[in-house]
Enquirer: 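Below you will find the structure I want to go over with you.
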Protein chains: 2
Amino acid sequence: MNNLTLEDIARNCGVSRSTVSRVINNHPNVSEKVRKRVEKEIKNTGFRPHAAARALVSQRSWTIGLVLPRSVQSFFTDPYYPRLIQGIAQGCNQKKYTLGLYLLTDAEDEEEIFPRISRSGSLDGVLFQSDQMGDQLIGKLAQSGIPMVIIGRPFQNEKLSYIDIDNVSAAKSAVDYLVDLGYKRIGTITGPLNTSVGVDRKIGYIQGLEGRGIRIEEKLIVEGDFTEEKGYEGMIKLLPAKPDAVFSASDRMAFGAIRALHDKGLRVPEDVALVGFDDLPVTNPVNPPLTTVRQPVYEFGIKAVEFLDDLITTGTTPPRRIIMGTEIVTRESCGARLKKIETQAK
Amino acid sequence: MNNLTLEDIARNCGVSRSTVSRVINNHPNVSEKVRKRVEKEIKNTGFRPHAAARALVSQRSWTIGLVLPRSVQSFFTDPYYPRLIQGIAQGCNQKKYTLGLYLLTDAEDEEEIFPRISRSGSLDGVLFQSDQMGDQLIGKLAQSGIPMVIIGRPFQNEKLSYIDIDNVSAAKSAVDYLVDLGYKRIGTITGPLNTSVGVDRKIGYIQGLEGRGIRIEEKLIVEGDFTEEKGYEGMIKLLPAKPDAVFSASDRMAFGAIRALHDKGLRVPEDVALVGFDDLPVTNPVNPPLTTVRQPVYEFGIKAVEFLDDLITTGTTPPRRIIMGTEIVTRESCGARLKKIETQAK
DNA sequence: ATAAAAATTGGAAGCGCTCCCAATTTTGGA
DNA sequence: TCCAAAATTGGGAGCGCTTCCAATTTTTAT
């Protein structure tokens with residue numbers, strides 16, 4: 001039990017509360033002798049300053065919140081979020097923040113949780129996972145004036161600071177890669193088209209083809225939702241259009257697609273080549289290893305915390321944005337029809 | 001921006017600070033007239049009491065911590081943890097707690113994070129994922145006197161409150177089920193044997209066989225680590241021993257095992273039957289659907305929070321424990337060699 | 001109508017800390 | 001050695017809230 005206060009330590013050391021405070025906060029003007037004495041006493045007693053008292057007077061809780069809105073139901077099924085949280089947690093450890101997790105599970109939560117999240121002394125800042133449903137809450141939070149970084153591009157409100165990857169050009173680079181390899185009939189299994197991620201990667205696909213003078217065929221585009229199951233279904237739907245390569249907007253859909261191809265007796269990459277998106281660590285090995293667009297999810301989380309910390313420290317306006325780079329990770333699911341390929345995604 | 005204080009609201013309403021405080025905290029002795037007036041003012045101004053000030057005077061932060069020690073590296077790859085966190089988050093929402101997430105990534109973290117977790121006004125209580133490496137930290141935390149619930153049975157320290165399932169009897173029930181179905185040569189792919197979960201399920205497997213008078217064969221036991229990959233390998237290793245059924249200590253290992261059997265041209269359940277453990281939601285459909293021991297991970301999380309809340313409210317001693325029930329979910333990976341089967345796990 | 005009881009309200013103390021400012025001690029140059 | 005400047009230290013105010021207690025108002029019983 002830690003019922004000690006600064007005052008107790010001070011008394012035991014024969015100094016004042018202020019001096020002990022200075023020692024704890026590493027203020028320069030404390031004589032070496034006194035500092036040693038106080039530090040020893042703190043160590044002996046296991047004293048730790050009371051967080052709430054500190055937060056009250058310094059108006060800094062050293063806690064940031066991570067809000068995952070209700071519509072992110074895929075939380076426990078998509079490896080993206082755990083990985084992101086890992087990165088954020090790492091970022092918090094580095095910057096000495098505590099991470100508050102706000103998983104909104106139903107509509108009530110969003111109402112009730114608002115006062116807990118908005119500026120009221122409990123959070124120094126908020127990381128908010130972008131999402132079409134959550135945008136309203138984002139607006140309210142922004143009004144409360146709390147420093148906030150949106151993870152992923154927000155939908156309407158462009159006056160917010162956010163961190164994202166450039167989904168359009170990342171997808172475009174994947175398609176370019178396929179074109180460079182000589183593939184002619186390139187299909188895509190998109191993400192959910194009610195998300196900016198899904199839409200952007202589709203746009204990138206289209207731009208990629210158009211940029212190389214290849215005509216877009218509706219038959220070569222099917223909508224998915226990032227899950228393995230939809231990847232399987234999508235591939236089956238795509239087959240009649242006879243693609244020789246497919247850009248899948250997520251790795252998990254690509255895994256499903258590979259399974260579908262196997263079930264139909266088709267080979268990867270000989271019959272159909274495949275490029276995925278994510279490059280998250282997986283446990284179940286895929287055959288063949290998937291060529292994919294790597295997005296640095298972990299680093300993304302760390303960066304998001306650094307960004308938010310910056311906002312907290314130096315102020316919120318004007319809104320800023322950070323775009324993280326992606327890169328193509330070449331493995332075996334695309335073969336190598338041409339000898340020489342330069343690829344680079346930015 | 002919320003710079004308002006109780007005092008401001010009080011002044012605007014022509015009442016005292018105390019009265020506003022009473023309104024906010026739903027104290028009974030406030031006249032209806034005044035209460036209405038104050039509530040209106042609070043609503044209009046969007047006033048929210050300062051969390052730190054509240055926490056300071058009431059010695060209650062309404063925040064609990066969830067600590068996942070370093071050795072839980074599988075955090076981002078095992079669906080168990082996201083699901084658990086979902087349950088815990090839900091429990092927190094219900095009980096009006098904020099959830100602080102402490103993901104320890106390296107040894108330093110464990111040192112540095114201790115003062116932030118231990119009793120120092122920032123956390124009302126702690127949920128700690130049990131784990132052989134983390135036990136030392138658990139001990140230190142317990143000494144700090146902070147209310148704590150261990151998730152899963154702790155290793156050494158039996159004087160702590162914990163919540164768990166009965167892994168031994170759950171595993172035993174799975175084996176019983178296989179025996180009832182008429183299988184004779186039942187193998188197992190265990191969890192990692194440096195965890196209590198892994199060991200307990202293995203013990204349950206052994207007890208199940210011995211209870212039915214079946215001899216244990218070392219060749220029918222291989223160690224896994226809960227991952228799909230190890231499940232695959234494990235199945236391959238098991239094959240020379242000619243099992244007609246296998247109890248896998250996790251679903252994911254069972255998926256790997258099914259893949260291995262398919263690759264070897266064997267059918268499930270005709271050639272080898274399979275029982276898994278977990279029954280977490282999965283996205284990639286397995287063929288055949290897996291019969292498994294369901295553990296209520298989500299409910300587990302909710303219960304853990306309720307338990308901790310109880311400890312916080314009514315005191316930590318004596319240590320208590322909660323054991324959650326499991327049940328066998330019958331699907332198609334075991335066939336049904338006998339017509340009549342009663343199964344029940346408790 | 002009046003006194004006693006009950007309900008409501010306000011004032012003040014204090015939770016444990018930081019930080020300003022003034023008091024004290026130490027240091028260094030003449 | 002002495003005095004000004006610099007370094008160190010202590011005291012006090014106050015962060016925004018809850019809660020105790022006393023003061024005031026309202027209600028009830030007589």
Side-chain angles (χ1 to χ4, degrees), chain A residues 1-39 41-42 45-63 115-116 118-124 144, chain B residues 1-39 41-42 45-63 115-116 118-124 144:
Chain A
M1 208 76 147
N2 171 26
N3 304 328
L4 293 166
T5 72
L6 268 193
E7 204 86 42
D8 296 322
I9 304 297
R11 200 175 324 105
N12 294 350
C13 295
V15 297
S16 77
R17 193 173 5 115
S18 314
T19 301
V20 179
S21 175
R22 285 189 197 100
V23 171
I24 287 176
N25 295 293
N26 271 309
H27 279 254
N29 289 341
V30 181
S31 71
E32 208 49 36
K33 206 180 61 185
V34 171
R35 161 161 279 138
K36 280 277 185 301
R37 183 146 42 98
V38 172
E39 278 173 349
E41 178 69 12
I42 290 176
T45 55
F47 165 76
R48 288 174 304 277
H50 193 284
R54 264 187 140 159
L56 175 58
V57 59
S58 64
Q59 301 292 9
R60 260 332 217 96
S61 67
W62 287 99
T63 301
R116 302 228 302 269
S118 61
R119 187 187 283 289
S120 65
S122 52
L123 257 33
D124 288 342
S144 86
Chain B
M1 207 74 147
N2 172 26
N3 304 328
L4 293 165
T5 72
L6 268 192
E7 201 88 41
D8 297 321
I9 304 297
R11 199 176 324 107
N12 294 351
C13 295
V15 296
S16 77
R17 197 183 19 206
S18 314
T19 302
V20 179
S21 174
R22 286 190 197 98
V23 171
I24 287 176
N25 295 293
N26 270 310
H27 279 253
N29 289 341
V30 180
S31 72
E32 209 47 40
K33 206 179 61 186
V34 172
R35 161 161 277 135
K36 282 274 186 301
R37 185 148 39 98
V38 173
E39 278 173 349
E41 178 69 10
I42 289 176
T45 55
F47 165 77
R48 286 174 306 276
H50 193 282
R54 256 184 148 162
L56 175 58
V57 60
S58 64
Q59 300 291 12
R60 253 343 210 93
S61 66
W62 287 99
T63 300
R116 302 229 302 270
S118 61
R119 188 188 283 293
S120 66
S122 52
L123 256 34
D124 288 343
S144 87

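A, B, ... follow the sequence lines: proteins, then strands. Residue 1 opens every chain.
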Enquirer: Could you state the atom-to-atom distance from CD of B:Glu7 to P of C:dG10 in whole Å?
Expert: 12 Å
Enquirer: In this structure, how many angstroms lie between the C1' atom of C:dG16 and the CZ atom of A:Phe47, rounded?
Expert: 8 Å
Enquirer: Does C:dT18 have its OP1 or OP2 closer than 4.0 Å to a side-chain nitrogen or oxygen of A:Gln59?
Expert: no
Enquirer: Can you figure out which of D:dT9, C:dT9, C:dC17 approaches the side chain of A:Arg17 most closely?
Expert: C:dC17
Enquirer: Return the nearest nucleotide to the side chain of B:Val57; candidates are C:dC17, C:dG14, C:dC19.
Expert: C:dG14
Enquirer: In terms of side-chain geometry, is the basic nitrogen of A:Glu32 or A:Lys36 positioned less than 4.0 Å from the acidic oxygen of its partner?
Expert: yes
Enquirer: Kindly indicate whether the side chain of B:Arg22 and the base of D:dT18 share any N or O donor-acceptor pair separated by less than 3.5 Å?
Expert: no
Enquirer: Give a yes/no answer on whether the side chain of B:Arg54 brings an N or O atom under 4.0 Å of OP1 or OP2 in D:dT18.
Expert: yes
Enquirer: Taking A:Thr5's backbone N and O only, do any of them form a donor-acceptor pair with A:Asp8's side chain (distance below 3.5 Å, no angle check)?
Expert: yes
Enquirer: Applying a 4.0 Å non-hydrogen cut-off, can you work out what B:Ser21 is touching in the nucleic acid: base, sugar-phosphate, or nothing?
Expert: base
Enquirer: How close or far is atom C1' of D:dC15 from atom CG of B:Leu4, stated in whole angstroms?
Expert: 15 Å
Enquirer: Starting from the C-alpha separation in whole Å, work towards a yes-or-no answer on side-chain contact (heavy atoms from CB on, under 4.5 Å) for B:Ile9 and B:Val23.
Expert: CA-CA 11 Å; B:Ile9 304 297; B:Val23 171; over 6 Å; no
Enquirer: Rounded to the Å, how far apart are A:Asn25 CG and C:dC20 P?
Expert: 12 Å
Enquirer: Taking only side-chain N and O atoms of B:Ser16, does any of them lie within less than 4.0 angstrom of OP1 or OP2 on C:dG10?
Expert: yes
Enquirer: Polar-atom pairs under 3.5 Å, protein N or O versus N or O of nucleotides 22-27 of chain D: list them with distances, or write none.
Expert:
none

Enquirer: Hey, does the side chain of B:Ser31 come within less than 4.0 Å of C:dT9's phosphate (OP1/OP2), counting only N and O?
Expert: yes
Enquirer: Send over the distance from B:His27 NE2 to C:dA6 P, rounded to a whole Å.
Expert: 21 Å
Enquirer: Any N or O donor-acceptor pair under 3.5 Å from the base of D:dT19 to the side chain of B:Ser18?
Expert: yes
Enquirer: Does A:Asn29 make a side-chain N or O approach to OP1 or OP2 of D:dT9 shorter than 4.0 Å?
Expert: no
